[in-house]
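What follows is a set of notes on a single structure, which appears directly below.
Not measured: the values here are computed from a predicted model.
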Amino acid sequence: MVNYRYLGNSGLKISEITYGNWLTHASQVENDVATACVRAALDAGITTFDTADAYANTAAEQVLGDALKGERRESLEIFTKVYWPTGPKGPNDTGLSRKHIMESINGSLTRLGTDYVDLYQAHRYDVETPLEETMQAFADVVRQGKALYIGVSEWTADQIREGAALAKQLGFQLISSQPQYSMLWRVIEDEVVPASKDAGVSQIVWSPMAQGVLSGKYLPGQPAPAGSRATDEKGGAQTISRFMSDETLTAVQNLKPVAAELDLSMAQLAVAWVLQNDNVAAALVGASRPEQVAENVKASGVTIPAELMKQIDDALAGVVERDAAKTLDGMPKTRPV
C-alpha cells in the first residue's frame with residue numbers, strides 16, 4: 001500500500017504515489033479503461049489524483065470526475081491546473097489573468113463533480129499577466145472555498161520565491177511545485193529545490209520514468225515497441241524524443257543490476273529514486289492498464305542505500321541533464337493561444 005507525505009509546509013497529506021491522467025484519459029485510453037485504472041489506484045491506497053483543464057481540452061477532467069463518483073470526497077485529494085488554452089481558445093481562454101482563473105475554476109469544478117479542489121495549480125508562469133493579479137485571483141479562489149491550497153508547475157526558482165512571498169502577503173499558502181524530475185532530468189536540483197525548501201514548497205514530480213525510458217523497454221539500436229509512447233503520434237513520441245538516443249538507452253540498461261538487487265522492476269526503481277529526494281512529496285504516475293497502477297505502488301516506502309544511489313549516478317554519468325536553465329525550455333515566451 002501507499003505511504004503518505006505532507007505537501008509543502010502544510011497539514012495536507014497526500015499519497016506519495018499520485019495518479020495523474022495527462023496523455024491517457026480521453027486521449028490514449030478509452031473511458032472504461034481509464035475508470036478501471038482509477039479504481040485500481042483507489043484499491044492500492046492512492047488517494048491523490050492530478051489532472052488539468054487543458055488535458056484533452058477539458059475532457060480528462062470529466063473522465064476523472066466520472067471515475068471518482070460515489071467516493072467519499074473527504075477521503076480524496078483532487079488537484080487540477082489552469083493556464084493553457086481551453087474551450088474555443090478565444091483571447092481570454094488562456095493564461096493566468098483574473099478572468100481566466102475565475103472562469104476556469106468554475107469549469108473545472110463542474111467537470112470534476114466537486115465543490116472544491118484540494119490543490120489548484122498555475123500550469124505555467126504567465127509572462128503577460130502581472131504576478132500580483134494572478135496571486136490575488138488565487139487568494140480569492142481560496143477565500144471562496146473553491147480551492148484549499150495553491151501550487152505551481154514548471155516555475156523557476158525566482159518565480160517560486162516571488163509567488164510564495166505574494167501569497168504570504170495575501171494570506172494564503174503556496175505549497176507545491178510540479179516539475180519534470182527523473183534520474184535523467186535533474187534540472188530542479190540546483191535552484192528550484194533550494195528555493196522551494198526556503199518557501200515551504202515541495203515537489204509533485206511528473207515523468208519520474210522519463211516518459212517510460214527508465215522502464216528499460218526501449219533498447220539501443222532497436223525499433224520502439226509497437227503501441228509504446230515512442231510510437232504515439234498524439235504527443236507521446238514528441239515528449240519522449242529527448243531521451244531516445246542510443247547513448248541514453250545504453251546507459252539505462254546499466255541500471256538493471258541495481259533494480260535486481262532491490263527486487264524492483266526498472267520502472268519501480270525510477271519512481272523510488274525520485275522519492276529519495278526529501279523535497280519530493282509525490283511522484284505522478286499514469287497508467288494505460290490497471291495492473292500498471294498496482295506495480296507502480298510497489299515503489300512506495302522503498303529506501304535506496306547510498307551505495308546504490310552512487311551506482312545509479314555512475315551508470316548514468318554523461319546522459320543526465322542538470323542545467324537549471326532548462327526549466328525555461330517549456331515556458332512560453334508569450335501567452336499561448
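- Note on R124 versus E154: no salt bridge recorded, every NZ/NE/NH1/NH2 to OD/OE distance being 4.0 Å or above.
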Report task. Please report the C-alpha distance between E295 and S265 in whole Å, then the side-chain angles of each, then the deciding distance to 0.1 Å, and finally whether the side chain to side chain donor-acceptor pair (under 3.5 Å) criterion is met. Result -> CA-CA 9 Å; E295 285 301 304; S265 69; 5.2 Å; no

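- Between W84 and Y55, the distance separating the two ring centers is not shorter than 6.0 angstrom.
- K13 forms a cation-pi arrangement with Y6, by the criterion of a distance under 6.0 Å to the ring centre and an angle within 45° of the ring axis.
- Between the side chain of S75 and the backbone N or O of E71 there is no donor-acceptor pair closer than 3.5 Å.
- At least one cation-pi condition fails for R143 and F138: the charged atom is not both under 6.0 angstrom from the six-membered ring centre and inside a 45 degree cone around its axis.
- Summarising the local packing, NZ of K310 is surrounded by 12 or fewer heavy atoms from other residues, nucleotides or ligands at distances under 6.0 Å.
- Q173 and S10 share no donor-acceptor pair across their side chains, judged by distance under 3.5 Å alone.
- Distance alone, capped at 3.5 Å, places no donor-acceptor pair between the E16 side chain and the A283 backbone.
- Hydrophobic clustering, with ILVMFWY side chains joined whenever heavy atoms are under 4.5 angstrom apart, groups M135 together with V127.
- A pairwise comparison of heavy atoms in A281 and I14 identifies CB-CD1, 4.1 Å as the closest pair.
- A donor-acceptor contact shorter than 3.5 Å is absent between the side chain of Q253 and the backbone of T250.
- Remark: side-chain polar atoms of Q292 are paired, donor with acceptor, to backbone N or O of S288 under 3.5 angstrom.
- The CD1 atom of I160 sits 8.5 Å away from the CH2 atom of W155 when rounded to the nearest 0.5 Å.
- Using modelled atom types and a 3.5 Å distance limit, the side chains of T129 and E133 yield no donor-acceptor pair.
- Listed for the T58 side chain is no donor-acceptor partner under 3.5 Å among the backbone atoms of D53.
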Requested in this report: Start with the C-alpha gap between E191 and T327, add the side-chain angles, then the distance that decides, and say whether side chain to side chain contact (heavy atoms under 4.5 Å, CB included) holds.
Outcome: CA-CA 10 Å; E191 295 182 8; T327 302; over 6 Å; no

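- Within the 4.5 Å cutoff, no side-chain heavy atoms of K89 are placed close to those of V337.
- Note: the hydrophobic cluster containing Y4 does not contain I204 (ILVMFWY, side chain heavy atoms under 4.5 Å, direct or indirect links).
- The CG atom of L131 lies 11.5 Å from the CD atom of Q136; values are rounded to the nearest 0.5 Å.
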Query raised in the report: When you look at M266 and V252, which way does the side chain to side chain contact (heavy atoms under 4.5 Å, CB included) test go after all the steps?
Result: CA-CA 9 Å; M266 296 271 282; V252 168; 3.8 Å; yes

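- Within the 3.5 Å criterion, the main-chain N or O of G87 finds no donor-acceptor partner in the side chain of D93.
- The residues D118 and R73 are annotated as salt-bridged, a charged nitrogen and a carboxylate oxygen being separated by less than 4.0 angstrom.
- To the nearest 0.5 Å, atom CD1 of residue I312 and atom CG of residue N254 are 12.0 Å apart.
- Of the inter-residue distances, the one linking L148 atom CG with I78 atom CD1 reads 10.5 Å to the nearest 0.5 angstrom.
- Side chain to side chain, Y19 and N296 fail the donor-acceptor criterion of an N or O pair below 3.5 Å.
- Between F243 atom CZ and T248 atom OG1 the span is 8.0 Å, to the nearest 0.5 Å.
- Smallest separation of non-hydrogen atoms from I46 and V297: CD1-CG2, 3.9 Å.
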Query raised in the report: How far apart are the C-alpha atoms of D323 and K326, what are their side-chain angles, what is the distance that settles it, and do they pass the salt bridge (charged side-chain N to carboxylate O under 4.0 Å, His left out) test?
Result: CA-CA 6 Å; D323 183 4; K326 293 286 184 181; 5.3 Å; no

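- By the neighbour-count criterion of 12 heavy atoms within 6.0 Å, atom CD of E261 is sparsely surrounded, having that number or fewer from other residues, nucleotides or ligands.
- Taking 4.0 Å as the cut-off between side-chain N and carboxylate O, D313 and R186 count as a salt-bridged pair.
- Judged purely by atom type and a 3.5 angstrom limit, S202 has no side-chain atom pairing as donor or acceptor with the backbone of S176.
- Side-chain atoms of Q178 and Q203 include no donor-acceptor pair closer than 3.5 Å.
- Residue K197 places its NZ atom among more than 12 non-hydrogen atoms of other residues, nucleotides or ligands, all under 6.0 Å distant.
- Between P208 and L284, the shortest heavy-atom contact is CD-O, 3.2 Å.
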Report task. Could you give me the CA-CA distance, side-chain angles and deciding distance for L166 and E132, then say whether side chain to side chain contact (heavy atoms under 4.5 Å, CB included) is met? Result -> CA-CA 7 Å; L166 275 171; E132 293 81 1; 4.1 Å; yes

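- E128 and T334 make their closest contact through OE2-CB, 3.2 Å (heavy atoms, listed as atom of the first residue, atom of the second, distance).
- Residues V293 and A41 approach most closely at CG1-CA, 3.5 Å, considering heavy atoms.
- Connection of L214 to L219 is not established within any shared hydrophobic cluster, with ILVMFWY side chains joined at heavy-atom distances below 4.5 Å, either directly or through further cluster members.
- Between the side chain of Y120 and the main chain of I105, a donor-acceptor pair closer than 3.5 Å is present.
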Query raised in the report: Given the rule in the side chain to side chain contact (heavy atoms under 4.5 Å, CB included) test, do Q159 and T156 qualify, once you have shown the distances and angles that lead to the verdict?
Result: CA-CA 5 Å; Q159 290 163 352; T156 66; 3.2 Å; yes

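- Taken from OG1 in T110 to CD in E61, the straight-line distance is 9.5 Å, to the nearest 0.5 Å.
- Looking at heavy atoms from C-beta onward, F49 lies in side-chain contact with L68 at the 4.5 angstrom threshold.
- In this structure a side-chain-to-backbone donor-acceptor pair under 3.5 Å is missing from R39 to A34.
- Donor-acceptor pairing under 3.5 Å is recorded for the side chains of Q121 and D50.
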Query raised in the report: When you look at S182 and S207, which way does the side chain to side chain donor-acceptor pair (under 3.5 Å) test go after all the steps?
Result: CA-CA 7 Å; S182 69; S207 198; 5.9 Å; no

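- Heavy atoms of other residues, nucleotides or ligands lying less than 6.0 angstrom from CG of N9 number 12 at most.
- Linking ILVMFWY side-chain heavy atoms closer than 4.5 Å, directly or via other members, places L328 and V152 in a single hydrophobic cluster.
- Side-chain atoms of N21 and T51 include a donor-acceptor pair closer than 3.5 Å.
- Atom CG of D115 is surrounded by 12 or fewer heavy atoms from other residues, nucleotides or ligands within 6.0 Å.
- Note on M309 and V319: same hydrophobic cluster, where clusters join Ile, Leu, Val, Met, Phe, Trp and Tyr whose side-chain heavy atoms are under 4.5 Å apart, directly or indirectly.
- A donor-acceptor pair under 3.5 Å links the side-chain atoms of H100 to the main chain of N92, judged by distance alone.
- Applying salt bridge (charged side-chain N to carboxylate O under 4.0 Å, His left out) to D126 and the options R335, R98, K333 leaves one that passes, R335.
- Scanning all heavy atoms of the two residues, the minimum distance from N57 to T86 falls at OD1-CA, 3.3 Å.
- Atom CG of D263 has 12 or fewer heavy atoms from other residues, nucleotides or ligands within 6.0 Å.
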